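First comes the structure, then the notes that go with it.
None of these values were measured; they are calculated from a predicted model. Residue numbers begin at 1 in each chain, while the letters A, B, ... track the order of the sequences.
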Number of protein chains: 2
Amino acid sequence: MSPLAVPDGSLAVAVDVVLLALQLTGDTAEPVFLAQRRRNQPFAGMWSLPGVIMRDREDLESAVHRALARSGTALERIRHMEQLGTFGAPQRDPRGRVMSVSYLALLPQPAKAEADTEWLPATPPPAHATTLAFDHAEILSTAVERLRGKLSYSNVAFGLLGESFTLSELQAVYEAVLGRELDKRNFRKKVLARDLVAESDGMRRGAHRPARLYRFRHTELVLLDDIL
Amino acid sequence: MSPLAVPDGSLAVAVDVVLLALQLTGDTAEPVFLAQRRRNQPFAGMWSLPGVIMRDREDLESAVHRALARSGTALERIRHMEQLGTFGAPQRDPRGRVMSVSYLALLPQPAKAEADTEWLPATPPPAHATTLAFDHAEILSTAVERLRGKLSYSNVAFGLLGESFTLSELQAVYEAVLGRELDKRNFRKKVLARDLVAESDGMRRGAHRPARLYRFRHTELVLLDDIL
DNA sequence: CCAAAAGTGTTGACAATACACCCATGC
DNA sequence: GCATGGGTGTATTGTCAACACTTTTGG
């Protein structure tokens, strides 16, 4: 990251991305986000969210794409993206006036991390508060809260799953993000009653009884009338 | 509004505000927003949202306050404010690169409009689409949708009402924003069951039977577990 | 045959809806 | 006394939560 000098009287806009995925470690799933180790001042050595400084004549989405490319993430793996908000505290960047327009991006699995990047746990953020640069801890927790809320009244979980999946896998997504266990029978009833998913071809075969595969009916965000 | 020249290679950030209130015209309530007539190019003569260009070292909230002051709105009348989002299409301002961080602000009544400002209907927006400058029609409809959603799962209606009010007035707020009628008995049951409001002292006396006054239990945004 | 995950129904409590009349006041 | 909005209850229906066992496969 090249040193950034923000001349007084001017104003820079950063675009920062909370890239979220679920890490399936053995028998449990854990929400993780992509962190980049900062090489330069300020906050050298600390973790930060991938971000770029916006260029003139650049779209917000293009800037997000640049940030993702720089973090080593293939664009086509991103299944959902939405704006979180804009953070503009004057002191958030010690170098000068840099506002941050932040985005949430979801992808099915944490791809291999490049040098100086790592997937860190996103959910119990007590530890990060001190270890994330700028106000990125605040942005991260905004992202997790947004995702939690949207699980209840949208199909946003499609962003964290591949093309097809079992209902148990879907439930694991909900449980991991919400941080609590759900009743298997009630969960299946509700998901099916709301027509969130449709049966897909084939079965997931594993060590035990094969499980029916499903896919989301829509792979763009759809809001539900009713709450889940 | 002074002419704005955005030098190439630089980037300006505007803060635009959707100031919403309910206009009580006789027997019906109608959501209205504050519009400013543009005196300068571009879009001279068209209606626009109140907004300012951010200064260096200025907080986002301070910029919103400046925009409100310029529009002739007393700050202390604002009962709720929240960020809507950031609009960054490169061509949204023909003068150059100007992103807009937009805010929603609620107040109990549309105060008298100053010169070159007017309260216009906010809800059936077909007409504005052509008459609002920049992408302000899009920002306005984002604001209305946000408010509609939040009525259902928060106490955000406090922003559109004064200190005390009758349940019929509260219901009128919901009906005006949602654009449909609600059942009086069920509405009262739900509002009271959720402890949104508490009884206040006194009665509203009018042409007919006096009505009990209520006040919101909280005058900052509170999210409800359950949906209204 | 054992371990492990997949799959499946019922019941009771509560919440949401639909619906109509009497009450208190000003004029 | 009448017009106007304020205020109230019930019956029905639908929805949510709690709860345990059988099935299918791999090893």
First of A/K184 and B/P210 reached from the 5' end of DNA chain C, by closest nucleotide
A/K184
Please report the distance, rounded to the nearest Å, between CZ in A/R209 and C1' in D/dT25.
9 Å
Below 4.0 Å: OP1/OP2 of C/dA5 and any side-chain N or O of A/S168
no
Think A/R194 has a side-chain N or O under 4.0 angstrom from the OP1 or OP2 of D/dC16?
yes
Atom pair distance, as rounded to whole Å: CG in B/L170 and C1' in D/dG7
15 Å
Closer than 4.0 Å, any side-chain N/O of A/R205 to the OP1 or OP2 of C/dA4?
no
Name the nucleic acid region contacted by A/R212, choosing base, sugar-phosphate or nothing; use a 4.0 angstrom heavy-atom cut-off, strictly under.
sugar-phosphate
Take the protein atom CD of B/E181 and the nucleotide atom P of C/dT17, then report the distance between them rounded to whole Å.
15 Å
Take atom CD of A/E220 as the centre, draw a 6.0 Å sphere, and report whether it contains more than 12 heavy atoms from other residues, nucleotides or ligands.
yes
Could you report the tightest heavy-atom contact between B/D16 and B/S100, atom names first, then the distance?
OD2-OG, 2.7 Å
Kindly indicate whether the side chain of A/N155, heavy atoms from C-beta on, has any atom under 4.5 Å from the side chain of A/L224.
no
DNA chain C: 5'-proximal contact among A/A207 and A/E169 (nearest heavy atom):
A/A207
Expressed in angstrom and rounded to an integer, what is the separation of B/E199 atom CD from D/dG6 atom P?
16 Å
Where do B/Q171 and B/K184 come nearest, in terms of heavy atoms and distance?
OE1-CA, 3.6 Å
In this structure, how many angstroms lie between the P atom of C/dT17 and the CZ atom of B/F187, rounded?
13 Å
Please tell me which of the listed nucleotides, D/dA3, C/dA4, C/dA6, lies nearest to the side chain of A/H208?
C/dA4
Hey, is the side chain of A/R185 pairing donor to acceptor with the base of D/dA17 inside 3.5 Å?
no
A/H80-A/E82 side chain donor-acceptor pair, cut-off 3.5 Å
yes
Grab the CG-C1' distance between A/D183 and D/dC21 for me, whole Å please.
14 Å
Measure distances between side-chain N and O atoms of A/K189 and base N and O atoms of C/dT10, and say whether any donor-acceptor pair falls under 3.5 Å.
yes
Once you round it to whole Å, what is the distance between P of C/dG7 and CG of A/L182?
17 Å
How long is the line joining CG of B/N186 and P of C/dA15, in whole Å?
14 Å
